[in-house]
Amino acid sequence: MRERVGQIWLLLATVSGLGVSPAFAADADHGADLARRWCATCHVVASGQTQASADVPSFASVARKPDFSPERLAFFLLDPHPKMPNFPLSRTEAADLAAYIGSLRQ
């Protein structure tokens, strides 16, 4: 477990040190499509959505958390966790979804 946490921190440090070039920027529009397709059953993913599970946070509330980071969220989405279905997201899809959620921050 401790080794896994160390690996994640190393990966985060590496990614954050690389910077983001426009060619590799995440696609929030694609993330919105993914959110509507895979996440809207449980989460409110857009302002016009009228139905979702009551016991899960909306994407806007996730984006407004003080410690929100698209990079951390993308890594969270790639790591299987029991409270969510295991969607087989690629790294690009996870980054796109995290970029979309980040775009909801107000």
Side-chain angles (χ1 to χ4, degrees):
M1 175 71 165
R2 191 173 224 200
E3 182 178 315
R4 175 96 167 141
V5 170
Q7 290 172 341
I8 290 172
W9 279 111
L10 177 62
L11 186 56
L12 282 172
T14 303
V15 169
S16 65
L18 292 176
V20 177
S21 76
F24 297 110
D27 182 352
D29 290 334
H30 181 240
D33 291 339
L34 293 172
R36 285 188 294 273
R37 186 173 12 159
W38 291 343
C39 310
T41 302
C42 298
H43 295 271
V44 171
V45 301
S47 61
Q49 185 177 340
T50 59
Q51 187 175 353
S53 295
D55 60 341
V56 296
S58 70
F59 279 10
S61 68
V62 170
R64 287 191 301 263
K65 289 185 177 192
D67 61 343
F68 175 80
S69 160
E71 295 81 16
R72 278 191 299 191
L73 180 58
F75 284 111
F76 172 79
L77 293 171
L78 291 172
D79 191 27
H81 38 286
K83 290 186 178 187
M84 286 178 36
N86 188 17
F87 291 111
L89 293 171
S90 69
R91 287 184 180 137
T92 300
E93 290 170 329
D96 292 350
L97 190 53
Y100 170 66
I101 293 171
S103 75
L104 301 175
R105 190 174 201 143
Q106 297 173 1

ring-ring contact (aromatic ring centres under 6.0 Å, His included) partners for F68, two or more places apart:
none
Between [X] and [Y], which heavy-atom pair has the shortest distance, and what is it?
| X | Y | result |
| --- | --- | --- |
| G31 | Y100 | C-CB, 3.7 Å |
| A98 | A74 | CB-N, 3.9 Å |
| A52 | C42 | CB-O, 3.4 Å |

I101 CD1 to L77 CG distance, which is reported to the nearest 0.5 Å
6.0 Å
Kindly write out the residues that satisfy side-chain hydrogen bond (donor to acceptor under 3.5 Å, both in side chains) with [X], not counting sequence neighbours, or none if the list is empty.
| X | value |
| --- | --- |
| R105 | none |
| D29 | none |
| S69 | E71 |

So does D27 get a backbone contact from the side chain of D96, meaning a donor-acceptor N/O pair under 3.5 Å?
yes
Which pairs of donor and acceptor atoms, one on a side chain in residues 54-62, lie under 3.5 Å apart (sequence neighbours left out)?
residue	atom	partner	partner atom	Å
S58	OG	S61	N	3.1
S58	OG	S61	OG	3.3
S61	OG	S58	N	3.2
S61	OG	S58	O	2.8

Looking at residues at least two apart in the chain, or sitting in another chain, which of them share a side chain to side chain contact (heavy atoms under 4.5 Å, CB included) with [X]?
| X | answer |
| --- | --- |
| S90 | T92, E93 |
| A40 | V45, Q49 |
| A95 | A26 |

Using the rule given for side chain to side chain contact (heavy atoms under 4.5 Å, CB included), can you reason through W38 versus L89, listing the C-alpha separation, both sets of side-chain angles and the distance that settles it, and then say yes or no?
CA-CA 10 Å; W38 291 343; L89 293 171; 2.9 Å; yes
Going by the salt bridge (Lys or Arg N to Asp or Glu O under 4.0 Å) test, which pairs reach into residues 34-47, not counting sequence neighbours?
D33-R36
Is there a path from M84 to V44 through hydrophobic residues (I, L, V, M, F, W, Y) whose side chains come within less than 4.5 Å of each other?
no
